[in-house]
Amino acid sequence: MQVIVAPHAGACYGVNRALDIVNSCADDGKGPVYTLGPLIHNPQVVDELRSRGVEVAGSPEDVEPRARLVIRSHGVPPAVVEHARDRGCEVIDATCPHVAKVHRAVERMTADGRLCIVVGDVGHPEVEGILGHAGPGTLALTSAEDLPDELPDRVGIVVQTTQAPAVLARIVDAVSKRVSDLEVADTICLATQERQAAAAELASQVDVMVVIGGRNSGNTRRLHEICSASCPRSFHIEREDELVPDWFEGMGKVGITAGASTPQQRIDAVLYRIEEMTG
């Protein structure tokens, strides 16, 4: 049996950058370290960080005075950072630079007097952070059917960095037919597009597809959806111990991909386990 790992899979630049920042804080011995919410959407990585003394805080109120509070790669509304500093926290910003680009775009569009639409998963931390940088009335949605009946003439559209391009395209097409002045900032991260394209291509060539990543990771769930469209035997797992031998019985080719919050060591562990199970 041949096992193939997608050429673009696993932790992206923003995730690796956030991990480097937190690991550096954990190593320097300068006092308590917290992340505001899970640093990334990967429970195993969060558990590993906790074992090194990095705690997860639900809000600035959960952080002890003068401790360091790391803003995760998804970003947060500016008001959250201000509140943390008011409480005496040392705020360390690990927001992904690509996410920060969305913040700047939505701030500029709002200042320009546009109604902003954020194409993204409603309630996702990245989307909540974007909304915090936008003006009142900003909409968040993932379907053109969710657009309001009335739209002003001047509209701006930004997009969650891990969204599928097809979702953005459908909403842009629907809005462009209804307004006279539309500005679109395609802020989908290149790494996301590369992972999705590589996963789709590999899934069309294999008998089984394994997608690795947190079940709370939106971009990993999208990878699983993309793979399932071409390869019905596609399985989403978080850990190597979730693998089932029957998945690979009689199969000729197995593909592996992983979400943007999945470090290389987790991919290696799954690859090793598959090879161990199949001999």
Side-chain angles (χ1 to χ4, degrees), residues 12 14 37 41 73-77 96 98-99 101-110 112-200 203 209 211 213-232 234 236 257 259-261:
C12 62
H41 280 163
S73 54
H74 299 108
V76 296
C96 172
H98 298 297
V99 175
K101 180 180 177 181
V102 190
H103 295 170
R104 293 192 295 272
V106 79
E107 287 171 347
R108 176 176 49 76
M109 290 177 180
T110 298
D112 193 34
R114 298 179 184 274
L115 169 72
C116 289
I117 296 172
V118 181
V119 179
D121 299 326
V122 178
H124 188 282
E126 181 183 330
V127 173
E128 292 301 305
I130 296 168
L131 290 173
H133 285 263
T138 299
L139 307 173
L141 47 88
T142 53
S143 170
E145 286 71 33
D146 294 329
L147 287 166
D149 293 334
E150 300 292 332
L151 288 173
D153 288 336
R154 305 183 73 242
V155 172
I157 295 178
V158 299
V159 57
Q160 182 183 359
T161 58
T162 56
Q163 270 297 320
V167 174
L168 173 63
R170 286 193 292 269
I171 292 174
V172 169
D173 179 65
V175 174
S176 65
K177 296 173 181 177
R178 297 174 52 186
V179 304
S180 59
D181 185 351
L182 174 63
E183 180 181 352
V184 179
D186 182 352
T187 46
I188 297 176
C189 176
L190 176 60
T192 295
Q193 298 181 55
E194 289 176 338
R195 278 160 182 71
Q196 292 176 353
M209 198 74 192
V211 183
R215 289 186 174 83
N216 59 345
S217 166
N219 76 84
T220 304
R221 292 196 300 269
R222 273 186 282 279
L223 284 177
H224 182 235
E225 292 168 1
I226 290 168
C227 292
S228 297
S230 299
C231 180
S234 293
H236 179 181
T257 189
S261 295

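When a residue number appears, it is its place in the shown sequence, counting from 1. All of these numbers come straight from a predicted model, not from anything done at the bench.
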Gap separating the NE2 atom of H41 from the NE2 atom of H124, nearest 0.5 angstrom: 5.0 Å
In terms of heavy-atom contacts, A203 and C231 come closest through O-CB, 3.4 Å
Is there a side-chain contact between H98 and C12 (heavy atoms, below 4.5 Å)? no
Roughly how far, to the nearest 0.5 Å, is CG of L131 from CG of L139? 9.0 Å
For R108, is there an ion pair with D112 - N to carboxylate O distance below 4.0 angstrom? no
I117 pairs by side chain to side chain contact (heavy atoms under 4.5 Å, CB included) with which of T138, L147, V158, V184? L147
Counting N and O atoms only, with roles assigned by atom type, does the side chain of S73 sit under 3.5 Å from a partner on the main chain of G14, one being a donor and the other an acceptor? no
Rounded to the nearest 0.5 Å, what separates atom CE in M109 from atom CZ in R154? 10.5 Å
From T257 atom OG1 to H236 atom NE2, the distance as rounded to the nearest 0.5 Å: 11.0 Å
Do the side chains of S230 and M209 get nearer than 4.5 Å, heavy atoms only? no
V159 versus D186: any side-chain heavy-atom pair under 4.5 Å? yes
Which distance, rounded to the nearest 0.5 Å, do you find between the CZ of R114 and the CD1 of I157? 10.5 Å
Approximate separation, where rounding is to 0.5 Å, of I226 CD1 and Q196 CD: 4.0 Å
Donor-acceptor check, side chain of N219 to backbone of T162, threshold 3.5 angstrom: yes or no? no
Just grab all the salt bridge (Lys or Arg N to Asp or Glu O under 4.0 Å) pairs involving residues 119-137, residues at least two apart or on different chains. D121-R222
